[in-house]
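Comments concern the structure below.
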Amino acid sequence: MPTLLGAGIVLILIFWLGLLSLKIKFPTVILYILLGIVLADALHHNELLHFASEIGIVLLFFLLGLEFNIKRLGGIATKIWPAGFLDVALSLGVAMLLCLVFGLDLFTSFLIGGVTYATSSSITAKLLDDTSRMANSETEFILALLIFEDLVAPIVVAIIMGMSSGENFQVMDLAILFGKIIGLAAGAVLLGKTLFKRFEELLIRIEDEDFKIALLIGISLAYGGLALYLGLSEVLGAFLAGIMLSEIGKIERVEQTVLPVKDLMLPLFFVYFGTTIEFGDGVPKVGLLITLIGWSLVAKVLVGMIGGRMYGLSKRVAFRAGLSICARGEFSVVIAALATGVIKVFSGIYIVIAAFIGMVLFERAPQLTNLIYGKPQKKKKNLKVPGS
């Protein structure tokens, strides 16, 4: 089949799955992965699909970084850090320990811990909007925790890439790795405060949208490529490139230009990930899979109940928040893409199951909260009887 014909068919299928997801209210991320699994024999090792998928994930992290200027990062960290670090300890740390108990090596255990760590930002945000819960009292906590995870996840990816680069990953290697991360981050802040200080004025002067696309995507790919050159993750570099431009007056000018390209390319990342999953003889490590799925759900509920209380939520609202952050998605896919063989299959199965269960828990969160804590009592209005 000609490459051009294959690309057209894949894009049409992505469109069809997008429409299907709206009708059945099912995350497109999962449908795209399933499409990749179905088309694995035809698309596996397709370099064009791989390259397009890399551009999609780089632009996702680039746009994410745009939302975090230095001032905002400091404000979020001040309030959410207790719940955020509790999340890291329970969702990543305990999952990693469970993998070690099941006999996996340190690197594989950390990688799987990374897969089980982050809540899906795209699934959660979409469900908040679809269920009209954006104005709920727990929503600020949920979004703040997602932001915290968005900051930690690229670092986890960078550490995994560093650990996978050599057989012996020592303490000094970890120190060098953090040094590279700090240096790359400092470079982004410095460039943002100097070279890109008047970047908005340049964007205003450029009337041709084609030139803007070339410039902005070029910046994101270049900084992502620099991260790869340093032995780090391209998603970390792209995220820092977004932070680099976040100080300009109106980031909407950047988002409006880059967003359409990201929306076109990002589904290809999930399709490509699906093509890399080879099931072989069946589901690997069933015992560990069941254990991790169970624990990862419990961990997020605990983060909501304990972390939510630290954040200032009531018991029932904190419990509802915990039930609403169980879905795994795009960050888990990014980390799982670094795995190989049986572990990639294991991770792919985990993501699909955890995303589905997480969606169900989100939609049933109000009912389950009422079941545990009872229905909230409505405040009675004091009505004055005429003549009394």
Side-chain angles (χ1 to χ4, degrees), residues 64 67-98 110 113-125 127-129 131 133-156 159 239 292-332 335 354 357-359 361-377:
L64 186 63
E67 302 293 334
F68 301 102
N69 57 44
I70 303 302
K71 184 178 179 180
R72 186 185 179 195
L73 287 176
I76 292 169
T78 302
K79 196 173 180 181
I80 197 62
W81 71 265
F85 281 113
L86 176 66
D87 188 19
V88 173
L90 294 180
S91 300
L92 194 157
V94 175
M96 180 178 171
L97 290 175
L98 288 172
F110 183 68
V115 171
T116 64
Y117 166 57
T119 302
S120 170
S121 300
S122 62
I123 293 175
T124 305
L127 289 174
L128 282 171
D129 187 50
T131 55
R133 285 173 54 185
M134 278 295 185
N136 282 19
S137 50
E138 75 271 16
T139 300
E140 180 184 316
F141 166 75
I142 292 173
L143 294 178
L145 187 65
L146 291 177
I147 291 170
F148 187 92
E149 291 180 347
D150 290 346
L151 296 174
V152 173
I155 298 174
V156 172
I159 294 173
F239 182 79
L292 282 179
I293 289 172
W295 169 249
S296 61
L297 297 176
V298 171
K300 290 298 184 183
V301 174
L302 289 175
V303 169
M305 294 176 67
I306 301 172
R309 294 291 287 160
M310 293 176 181
Y311 197 81
L313 303 180
S314 66
K315 287 183 179 180
R316 67 178 298 115
V317 174
F319 180 69
R320 190 167 67 222
L323 292 173
S324 304
I325 55 175
C326 295
R328 302 322 196 262
E330 61 275 9
F331 281 118
S332 298
I335 295 172
I357 296 177
M359 282 194 326
L361 288 177
F362 186 102
E363 294 183 345
R364 301 296 180 188
Q367 294 93 322
L368 292 172
T369 302
N370 291 339
L371 185 65
I372 300 295
Y373 292 96
K375 291 184 178 181
Q377 295 180 350

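The shortest non-hydrogen separation linking V115 to S332 is O-OG, 2.6 Å. For S324 against I142, the heavy-atom pair with the smallest separation is CB-CD1, 3.8 Å. Residues M310 and P82 come closest through the heavy atom pair SD-CB, 3.6 Å.
Side-chain contact between F331 and V156 is absent, with no heavy-atom pair separated by less than 4.5 Å.
Checked against side-chain contact (heavy atoms from CB on, under 4.5 Å), T119 has the following partners two or more places apart in sequence or in another chain: T124, L146, E149, K300, I325. For E140, the salt bridge (charged side-chain N to carboxylate O under 4.0 Å, His left out) test picks out K79, with sequence neighbours left out. For L297, the side-chain contact (heavy atoms from CB on, under 4.5 Å) partners are I293, C326, I357, L361, not counting sequence neighbours.
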Donor-acceptor contacts, no H, no angles, side chain residues 312-322, under 3.5 Å, sequence neighbours left out:
unit_1 : atom_1 : unit_2 : atom_2 : d
S314   : OG     : V317   : N      : 3.4
R316   : NH1    : G374   : O      : 2.8
R316   : NH2    : N370   : OD1    : 2.7
R316   : NH2    : G374   : O      : 3.2
R320   : NE     : E138   : OE1    : 3.4
R320   : NE     : E138   : OE2    : 3.0
R320   : NH2    : E138   : OE1    : 2.8

If you look only at distance, which donor and acceptor atoms sit under 3.5 Å apart when one is on a side chain in residues 89-98 and the other is two or more places apart or in another chain?
unit_1 : atom_1 : unit_2 : atom_2 : d
S91    : OG     : D87    : O      : 3.4
S91    : OG     : D87    : OD1    : 2.8

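Note: M359 CE to R364 CZ = 11.5 Å, rounded to the nearest 0.5 Å. Rounding to the nearest 0.5 Å gives a distance of 11.0 Å between CZ of R309 and CD1 of I306. To the nearest 0.5 Å, atom CD1 of residue I335 and atom OH of residue Y117 are 9.0 Å apart.
By the neighbour-count criterion of 12 heavy atoms within 6.0 Å, atom OH of Y373 is densely surrounded, having more than that number from other residues, nucleotides or ligands.
For residues 294-316, the set of pairs meeting the ring-ring contact (aromatic ring centres under 6.0 Å, His included) definition, not counting sequence neighbours, comprises F141-Y311.
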